[in-house]
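The structure appears right after this line, and notes come after that.
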Amino acid sequence: ETTITWPTQLFYKSMNPAVVFDAETYVIGNLYETLFLYDNGEIKPRLAVKWEKSEGGKVWTVKLRQGVKFHDGSVLDSAAVKKSFEYTRDLGKGAGYLYGDLETVDTPDAETAVFKFKKPIAFDLVASGQYGSYVIGPAAIDNGDDWMNAGNSVGTGPYRLSKFETTKITVIEKFDDYWGGWTEGQVDRVIQPVVLEASTRVQMLKSGEADVADVPISQLKALAVSPDISVSVSKGWRNSQYHFNTQKYPTDNKAFREALTYLWDHDTVQKEIFQGYSTRSVGPVPASMWGHGSYQTGTFDPQKALELLKASGIPEKDWKIEAMYSNSNQEQIDAIELFQANAAAIGLTVELLPQQSSKTYLAKARSLATSANMHSMLWYPAYPTPSDWLYSQYKSREGKKGAGFNLAYYANPEFDMALAEAVDAEGISIEQATKAYKAAQDILMSDTPAIFFADNTRITVHSTKVTGFENSSNPAYETLFIYNLRK
Amino acid sequence: MSSPILKISKLNVMFPGLMRDAHVLRDVHLTVKQGDVVGLVGESGSGKSMTASACLGLIPNRGRATGSIVLDGQEIIGRPEAELANIRGGIAAMVFQNPMRSLNPFYSIGQQMVEIIRRHRKLGARDARVAAIDELQTVQMPDPEIAFSKYPHQMSGGQIQRVMIAIALACRPRLLIADEPTTALDVTVQAQIISLVRGLADRTGLTVLFITHDLGVVSTLCNRVAVMYAGRIVETGDVGSVINSPAHPYTQRLLKTVPIVGASSSNLETIPGQVPGPTAIPLGCAFRSRCNRATEICSTVDPQLKSVANDLMVACHNHGSAKSMGKQIA
Amino acid sequence: MTVPGPPLLKVCNLTKHYPTRRGLVRAVDGLSFEIRRGETLAIVGESGCGKSTMAMTLLGLTNATSGSLSIEGSVPQPISSAVRTQMHGNIAAVFQNPQSSLNPKMRVEALVAEPLKTALGLRSIELRNRTIELLADVGMGEQHLRAFPHKLSGGQLQRVAIARALALKPQLLVLDEPTSALDVSIQAQTLMLLKRLQSDFGLSYLFISHDLGAVDFIADRVIVMYLGKQVESGNVADVFSKPKHPYTQALIDAIPTINPEKRGHFALLTGEIPSPLNRPVGCSFSPRCRHRTDVCCSTEPGVTISGDDRSFACFNPIQDTFVKSSNHETI
Amino acid sequence: MLKYVALRLVLLIFIVFGVASITFVLSRVLPSSPAELMLGGRPTVEQVAAARQELGLDLPLVSQYFAYIREIFSGDFGDSLRTGEPVLAEIGKRIGATFELTTLSIIFVLLIGIPLGVLSAVRQNTALDNSTRAIAVVGVAIPSFILAMVLQLVFNGMLGWLPLQGRLDRLISLDNPIETVTGLFLVDSLLTGNWSAFQSALAHITLPVLTLTILLLAMVVRITRNSMVEVLKDDYIRTAFAYGLPKKSIYYRHALKATLIPMLTIVGLTYGNLLGGAVVVEYIFDWPGLGGLLVFSIIENDYPASIGATLFLAAIYLLINLIVDLLYFVVDPRLRSV
Amino acid sequence: MSETMEHDQPSESRAPFRLRAGAFITDNRLFVVGCLIFSVVLIAAIFAPFITPYSPSKIVMSERLLAPNWEHWAGTDRFGRDIMSRVVFGARTSLAVGLSVMLLAIVIGGPIGLISGYFGGWVDTILMRISDVFLAFPPLLLPIAITAALGPGLWNAMFALAVSWFPWYARIMRGAVMRIRKELFIDAAKTMGVSHMVIMVRHVLPNSMTPTIVQGSMDFGYAILAAASLSFIGLGVRPPGIEWGLMAATSRVQFLSHYWTALAPGIAIFTTVLAVNLIGDGLRDILDPKHGEDS
Ligand SMILES: Nc1ncnc2c1ncn2[C@@H]1O[C@H](COP(=O)(O)OP(=O)(O)OP(=O)(O)O)[C@@H](O)[C@H]1O
Ligand SMILES: Nc1ncnc2c1ncn2[C@@H]1O[C@H](COP(=O)(O)OP(=O)(O)OP(=O)(O)O)[C@@H](O)[C@H]1O
Ligand SMILES: [Mg+2]
Ligand SMILES: [Mg+2]
């Protein structure tokens, strides 16, 4: 029996695919599957084998793969698919908003599901995303949230959940009846203990206790010395930014914000903090994603920054901002401390408000009263589209559907309109959408809502005993596909 | 009745100090004969307790003792701890000033008595118990059986002091050293203790070295007395002669400073000045500055204790010239 | 020495009870006495009989449970915590242990000046002069002004304490065992000083002690206390030479004396002082008394006044003839 | 004595009340909004309002206080915001770990510290005494976290002998779990004959215990030595010497018994320090006990859990001190008869 | 067995400050060592900008995580900042924390203890029961809870530490006052009509400060330790503040591979606290000769 130990620094809050909207996808992506698979610009079959859109993208007819079994032994059919998508939509949690426009799912036969939307939608793109689109077995839905969080899964993926304690440990085990079948050397079990301390994770790798781990980039050099450890690098869509709070003094002042961008030492950040495992951002959307723009995201020029600060009209005594971030990402901490030092050199005080967990971080950042002037943000898309960067992070907040990750408190109706246009265009054609996304980004960039500072490369540090990493990652999915690993 | 049970000669005790050494005992000479009840008097700090402790080899850590202390034929000074342990309690037993604090509060009277008795008398546990109760009876403890099982805090000061004496006696010592055993007690209780010691001495011929600063106690209890001043014995002799015709000016004046009931005098003699501390002993006689008969020699030569009459020893250069001062007591 | 006229202070039925966890401690129980001008009243008795407690109530250091007080023949008024005000600041005290009755962190000058400053409001030159004057009164010089208490001997300390007490020109000085912590040779100095001051300033003393010799030397009248109660009082000479109460007798006998005539006489009282917590029924002294009769163990004796300032509380007072050997075991 | 015990208990209730009040104040001045934290995700205004109502945050402070006190005394600490489980259950799961860690540490500390302190006092100013005192002074000055980190560096990073943190090997806890009998892994694994788990548990507990032991040893040695020195100055020790009692008896029978009282006090104090020290040590060694719970729940703004942990740790401390107080009676005959 | 102590002539035992310097030093060697170390730390703290070769916050990314070498005696941290310089500057924070926590605790606790001990009775009962409540928390627990509630930060940490320590001072002061209160000179002052206030300030306070001073000198060190512990678990000083505990905390990530990042601040805490402890021990022996007699 082959076991992989993969300590993680993050808590998984839930094991309900319809609810999760965070790191849980690392695990869930191995337990549940989507209808389609996005692969390098192409949409490929997964649980769906054939699909077609009609009515200008409002109706999508999907033919399901046959012989697929859920973890509980039940068979994948259109009723299950219908139940799953409607459940996600009705629950309205996590990425459920993606299906806000889903009217019904018809099931003409067991093999066929017909999705009907109010508006045109790039359903193939959306449903190949890593949030909100997993097909959940009916039993899981019937048993409910608590049952799933007690360490149960009813998905079609190669692994099933065997243990889940949110702050402690997650264990997944091989699902013998996986439709893809099994060959020699694949992994039987993955243990994911929560290990908050980065040094411990490093040490676990060194001692062979861990097979895979997230470690701070600063530790890579020291780790690479060991012949038993290697670093696999793959393309990713993750990018890093610091949102400016556009509604909090003094970052509500655009000139002030602009000045701050000149204090960001991009070169040092790329070279020393990310140690080359990142490239300079070209805008809000990473360069590897379609629909990105190419913007000048800032030059390090403290002198210029000082001039701008002075010109901003903010009195010098108010040159004081707060930056809040979650302590879980070392590079973001280092980057903001560097920023802090650079700012201090020209008389701008940056007060740091580290939050020990993403949960508290978000809770505080999301309420204007407790929010700071700058908020760290690591983004990767819910589905392969620029819209997720723009919509989730920058669309104006509005009541219930407010963009919960708009930590820039950005609100620009003009941008919202341009974005809506682009999203709608997705359902029609990617070229059209690309153009519209760029237009929206133009508006956004002119408002300087954030410092876009890195398109991150995905790094996996692992024991040399485990192979197959090159096949196990896909920029569209944060998941490490354990199925493709060999030990 | 005449062999000395304790013979202290030229005993000096020093404590090295930061500024100056403390010369606590200076050439102390004292002989205690079998059957004597000797009173050792002197003002606070004159070295009474130190003399007593030295007899048992109990000089505090940093102190240095020289000279000789022969206790029942054995030299104490320089004797190893292990052998001293046999002498302590066995040959000379000590009763201390503060009875309440002299017994271990965590063990019952009986437990403590038995432990000490067994240490010195090689008795079995049961015999030791019997012996302890016997001894409690000897010191006129009411209900000795009950007292045996009591804890120190359950008894009064006078009773505990009696227990202490019982412990001392139970070891069958040849010499009982009592260091101000009644100072902490009330007059009426003090009287009981004194009468007890007196009775024991009379009945059993116990030898006692009784330390006190109360001349009254001495004259009531003792047959011999030694007067200490600033670390040295300045006069020693038969109680009657010392009290009635003191030879040393200090003793003479000391006796006159004590107000006596019924004396009905409106005047008390005072000794001006104060006792020099052990770190500041002047050259010559230590009493010189307070003495109204000091002569030149007193400021250079420290007078040694010398025999001036049968049984009377004085350390004073001008003793002969002062004879007339003798009959002074009202 | 005593000045005629109404007594300086007349105390009636002074009572002080301490409620404690183990019960009520009757420290002082219905004590009455008077102090005349220029006179020394001594209080004697064994440890714990309530001498200090009585002094403390007069000094306002503790509240009397009950009792009244009249000053120079005024209308008796209850003793309150403001007794010092009642006495118009005419009372001062000297305590047993001079080392602890002087603040070790203050110099002699400050110590003596303190009452002058707080009560009389003296300042600068005036203050200094008066301080020096006071020290001179007790026989100390200017060279001691800057000294801290630990540099002074016991006798000197007690002088400073007395100087402080005299600062306010009190008429009554409460002396709570002022010499018992002192060495014999120093004790005499202090007693002589007190005597001199009394005649110089016409002071009245309340002299507390268990040293009968000292009492005999300094006091005019004496009160013998036993367990919070007065058992006998009267002229010192009378009381000491012809005690009426067996306890007084025992006390006198218990004092070891160097008086050559009395040497060898040694009387013994059996038993211990009972605790004031559970006072014996009847006469408190009855358990230790060899004269006790049945009535002693059931009824408390009242105070008998036998002319010329004498009073005692006993059913079987000792007759005038000195009959010691029949009462006490003698060695 | 009964009266005294009763008084102690009344006092205890008062103090528990006070402790609960302090934690109440602390929980209500928490700057972040507990309601939003509880909801997580992206709550709406209405949801927040509902949550506030559920948490009772909309009531006047006084009634909040009484509700709080009522809940605390009925053992209801609410649900952890982090895990959603009842705090009491969470505490229950972790208390064994803390108990095992602190008990083992205190045993070592006392077993080593007291004899060392006594010896040091008896042999005053010898080489042994001086080195013991040096260790004591040095030990007090080491920050717990530095000590823990250095031990980790040496025994894990450099020598590789002991695990870095945790309470049990993860594979063992999955494949060969310890059946819970007492909640103490060392005991349970032995009772159930789970040898591999025992070894793993032992290896894991070594460094945390070592850290706590070193930290507290200094204090215990110091206090023991000082109180022994004091006792040796007592008159009755002088008496014992004056009667030629053997030194052994004087030191180990007479003096030691008298030092039992200060030593009981030490045990109480040490336990308090142990609980306090355990907070940092559990955090560093990721020890799944109450201290770790406290730190992590504070970090996560999980106020029901942090208050629960605080109250529980305080309660344990109070309990220990109560026991110590009652033990005084057993030791000291002077107290018994009052 | 030094039964004579209580009979000692005061003039011999109470004048420790007159002693010759040489004798004083040999008799209080550890105290002197403590003072020396402490002065070094203090001087370093005061003159930090003049004696450090680098600015403590100067980031030189290209020189990150250098092991100790001739240019950087204690190496560099993950921003290439000179650890030695940071440690020297950190002394400022730590000393300030130690001092203010101690003073604040004394300022709150001292008067409470003074009043409680002096008046006794129900005043005492109430004040002491309140202190007991604070003492019911195991050490470090209350500061943690308070900083957690107030939010992390230097000021909050100091306040929290002081609040949880004041009861110790209240107790210590009360104990000392209760001893002094029984002294006759207090009664003597009362009989002279000196007011309670004056008695407390002039008579009681000066004579009951010793235990507080001794404890305070010790706590100075413990406060540094405790503040460092708070910083370590993220509740104390935050960047860009420079504090030893925080330095150790931020170096945890790379401690196992770059041990020096935590070593220098660790040693700094250790030496400072050690020095302060030695001073405290010494002070106790010097100010309280009874205590130091045989030990
Ligand atoms: N350990 C010591 N170190 C230095 N000096 C000491 C020591 N012990 C006693 N002394 C000094 O020795 C002198 C004599 O002390 P000792 O106790 O013998 O006097 P004493 O006559 O018994 O006085 P008291 O009547 O007060 O008991 C005193 O001045 C005392 O200060
Ligand atoms: N504050 C108090 N609380 C309870 N009992 C007290 C208090 N003060 C004194 N007593 C008790 O009152 C009684 C009388 O005490 P007091 O001090 O007046 O006696 P004393 O005659 O002065 O004795 P001594 O000769 O020992 O000074 C004693 O039994 C004492 O224990
Ligand atoms: Mg003595
Ligand atoms: Mg008294």
Side-chain angles (χ1 to χ4, degrees), chain A residues 1 3 5 7 11 13-14 19-22 92-94 97 145-146 149 162-163 165-169 171 189 191-197 199-204 206-210 327 354-364 366-367 369-370 397 399-406, chain D residues 30-48 80-85 90 93-94 149 152-153 155-175 177 283-286 288 292-293 295-303 305:
Chain A
E1 181 182 282
T3 299
T5 304
F11 301 157
K13 282 155 232 145
S14 164
V19 169
V20 301
F21 204 30
D22 205 344
K93 289 195 174 154
Y97 70 95
D145 214 43
D146 289 344
N149 289 337
S162 71
K163 187 178 175 81
E165 285 180 49
T166 165
T167 58
K168 280 195 200 136
I169 198 166
V171 182
R189 182 167 71 156
I191 302 173
Q192 279 215 300
V194 179
V195 180
L196 295 170
E197 205 45 52
S199 55
T200 309
R201 295 194 299 274
V202 170
Q203 199 56 22
M204 287 172 77
K206 270 196 189 160
S207 67
E209 200 184 334
N327 244 352
Q355 300 300 313
Q356 234 58 354
S357 78
S358 58
K359 190 166 171 180
T360 45
Y361 167 56
L362 286 177
K364 287 192 180 175
R366 273 171 182 161
S367 148
T370 52
R397 280 168 174 246
K400 194 169 175 167
K401 276 187 163 183
F405 292 93
N406 184 350
Chain D
L30 269 173
S32 51
S33 156
E36 294 192 22
L37 273 171
M38 188 182 81
L39 293 167
R42 303 175 226 174
T44 63
V45 179
E46 302 85 70
Q47 279 174 317
V48 171
S80 162
L81 301 183
R82 204 159 59 118
T83 59
E85 276 188 68
E90 188 97 1
K93 267 194 274 177
R94 288 168 163 267
M149 282 162 74
Q152 285 182 330
L153 177 70
F155 289 98
N156 180 278
M158 283 156 59
L159 299 173
W161 290 352
L162 294 168
L164 198 60
Q165 40 98 298
R167 195 178 176 199
L168 198 63
D169 203 278
R170 289 190 184 82
L171 284 178
I172 288 185
S173 64
L174 281 175
D175 300 339
Y283 169 66
I284 293 178
F285 289 102
D286 202 8
L293 174 70
V295 178
F296 286 118
S297 53
I298 280 174
I299 283 170
E300 299 265 310
N301 276 13
D302 181 355
Y303 85 98

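Note on naming: letters A, B, ... go to the chains in the order of the sequence lines (proteins, then strands), and numbering restarts at 1 for each one.
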- Is the number of heavy atoms from other residues, nucleotides or ligands within 6.0 Å of NZ (A/Lys93) greater than 12? no
- Query: So what's closer than 4.5 Å to chain D heavy atoms on A/Glu209: side chain, backbone, both or neither?
  - Reply: side chain
- Message: So for A/Val171, is it side chain, backbone, both, or neither that comes closer than 4.5 Å to the heavy atoms of chain D?
- Response: side chain
- Query: Is there side-chain contact between D/Gln152 and A/Thr200, with heavy atoms separated by less than 4.5 Å?
  - Reply: no
- With a 4.5 angstrom heavy-atom cut-off, which part of A/Tyr361 approaches chain D: side chain, backbone, both or neither? neither
- Task: Could you look at A/Val194 and say if it's the side chain, the backbone, both or neither that has a heavy atom under 4.5 Å from chain D?
- Result: backbone
- With a 4.5 angstrom heavy-atom cut-off, could you sort out which part of A/Ser162 is near chain D: side chain, backbone, both or neither? neither
- First locate atom CZ of A/Arg201, then atom CG of D/Leu164, and finally report the distance between them rounded to the nearest 0.5 Å. 12.0 Å
- Task: Tell me, for D/Asn156 versus chain A, whether the close heavy atoms (under 4.5 Å) come from the side chain, the backbone, both or neither.
- Result: both
- Query: Using non-hydrogen atoms only, which part of A/Lys163 is less than 4.5 Å away from chain D: side chain, backbone, both, or neither?
  - Reply: side chain
- Message: In the structure I gave you, are the side-chain heavy atoms of A/Glu197 and D/Asp286 within less than 4.5 Å of one another anywhere?
- Response: no
